[in-house]
Amino acid sequence: MISHDLMAPIMFGGLIIFLLLGYPAAFSLGAVGLFFAFIGIEMGMFQPTFLQALPDRVFGILSNDLLLSIPFFTFMGAILEKCGLAEDMLEGLGQLFGPIRGGLAYAVIIVGAILGAITGTVAASVIAMGLISLPIMLRYGYNPRVATGVIAASGTITQLIPPSLVLIVLADQLGKSVGDMYAGAIGPSIIQVALFCLFIFFLSIFRPQDVPALPPEARPKIDWKLFKKILWGIVPSIALIFLVLGTILMGLATPTEGGAMGSVGALVLAAMNKRLQKTLVWEAMTSTMRINAMVIFILIGSTVFGLTFRGVDGDLWIEELLTGLPGGQVGFLIAVNLFVFFLAFFLDYFEIAFIIIPLLAPVADKLGIDLIWFGVLLGANMQTSFMHPPFGFALFYLRGVADKTVKSSDIYYGALPWVGLQLILVAIIIFIPETVTYFVDKPTAAFDASGPSVDPLAGVEQNEITVDSSADIERQLRENK
């Protein structure tokens, strides 16, 4: 006989075990949720009426307009991955910065930031830069660890720079505006790029042999032709960034509308580069379908798990566990970031966002932490899920396109300093919250207990088309607690 107090910890532990065993996250979430729901019903710890809210929850997910922006941004990134835009920018900026130490690395960081602002996907940035710049950097004497590290890290900037997919998911789970989440991420994005460039600058001083300048014979003549090549890559990118982000931040378009315009803009850029072909569009559509299906299934599974978890008072268990930590808000933030950093070794950012954020957000809100700031902070932390060995997806992407002469150990060891830089950004956001709140329209103190009170679980109910007796039953059961 399992006591009521142990149901939530056992349920959460069971989910972690299933995920560590390698079962797909979406089906693990749904299976664990239904399994413990039936056990709870049999033992009298879970009311069957809770499950009546499940169909409406699933329908609310499928009818969520905000999530419709994910396939648009995914399609845009897939098109831009193969339209030749990255090649033009990398080649031009690489030649411009070539005469200085670390010039190729600076070019990779800048292009990674630009691609992040127009693609929103890590795979597009890492694969494009790995194919184009890695052979050149190795040819001219770059340390393989530095070359692979800067390429992987520059690709992961995409997860923090709007229109990042993870920021859309976080906004949905926190019940906040995507536009505010994007605005809050501007400052940390700039700081992250500056930290990366600063690291290359220090390497060029203390280990110049790792980041040499291009030899004189490989340096092109800096003339109008070179600047024309650079402008041909950058100007359309800036136009597309304004079309997508500018309209969203100015309130002229919703994220879904911005994503739709971005998809059209990506097709136009592909046509300008004479790369718009039937095979390109088909591959982009196939990639979009797979990613979107993965997101929806994970979200449905997490909804089943979350409904059961709350039914056995798991939300109260998490709240008591986290609010009782020493140090108050700072102690909570340190514990949460360590926990998310550890989970990122095994789970990707979608799984973390859908499983963990709904559990953490109510506690953060109760402690008076601004949820926009909290979302950006966790987004910065979840960058590391792409970078730290052994399961970082950016490292897998790079391993897939790198030459066989590049050792996997070089890729893994090369990623470690950049993970450290990402963690430094997390610390900066915690201790200087103005890096996020300054860019939001109505900035609030990240630790102000009088800030807005938002139930992040309400976002799902708000997206439901109808509210019938099942939703009323769930709300009444929650209030009776």
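For the atom pair OG (S69) and CG (D172), the distance works out to 9.0 Å, reported to the nearest 0.5 Å. Here the CG-CE distance, from L240 to M261, works out to 10.0 Å after rounding to the nearest 0.5 Å. With values rounded to the nearest 0.5 angstrom, I200 atom CD1 is found 11.0 Å from I100 atom CD1.
Residues forming a ring pair (Phe, Tyr, Trp, His ring centres under 6.0 Å) with F12 (at least two apart in sequence, or on another chain): none. Here T279 pairs with nothing under the side-chain hydrogen bond (donor to acceptor under 3.5 Å, both in side chains) rule; sequence neighbours left out. Applying the side-chain contact (heavy atoms from CB on, under 4.5 Å) criterion to I190, with sequence neighbours excluded, gives I186. For the salt bridge (Lys or Arg N to Asp or Glu O under 4.0 Å) test, residues two or more places apart in sequence or in another chain that qualify with R145 are D410. Here S154 pairs with nothing under the side-chain hydrogen bond (donor to acceptor under 3.5 Å, both in side chains) rule; sequence neighbours left out.
In terms of modelled atom types and a separation under 3.5 Å, the side chain of T247 and the main chain of V244 share a donor-acceptor contact. Judged by distance alone, the side chain of E257 and the main-chain N or O of T254 form a donor-acceptor pair under 3.5 Å. Judged by distance alone, the side chain of W373 and the main-chain N or O of I429 form a donor-acceptor pair under 3.5 Å. Using modelled atom types, one side-chain atom of Y142 and one backbone atom of L104 make a donor-acceptor pair closer than 3.5 Å. S287 places no side-chain N or O within donor-acceptor distance of the main-chain N or O of E283, the cut-off being under 3.5 Å.
Between Y182 and I168 the shortest side-chain heavy-atom distance falls below 4.5 Å. Side-chain contact between F196 and V150 is absent, with no heavy-atom pair separated by less than 4.5 Å. Side-chain atoms of F72 and T288, non-hydrogen and from C-beta on, never get closer than 4.5 Å to each other. For the pair V178 and L167, the minimum side-chain heavy-atom distance is 4.5 Å or more. Inter-residue side-chain proximity for M387 and Q422 is flagged as met; some heavy-atom pair is nearer than 4.5 Å. Residues V169 and Q173 meet the side-chain proximity criterion, which asks for heavy atoms closer than 4.5 Å. Contact check for W282 versus T286: side-chain heavy atoms found under the 4.5 Å cut-off. F73 places a side-chain heavy atom less than 4.5 Å from the side chain of M76.
Within the structure, every pair that satisfies the side-chain hydrogen bond (donor to acceptor under 3.5 Å, both in side chains) test and touches residues 187-199, not counting sequence neighbours, is listed here: Q192-Q383.
Relative orientation of the F27 and F297 rings is tilted, given thresholds of 30° and 60° on the angle between their planes.
Checking T435, L425, V330, L377 one by one against I430, the side-chain contact (heavy atoms from CB on, under 4.5 Å) holds for a single residue, L377.
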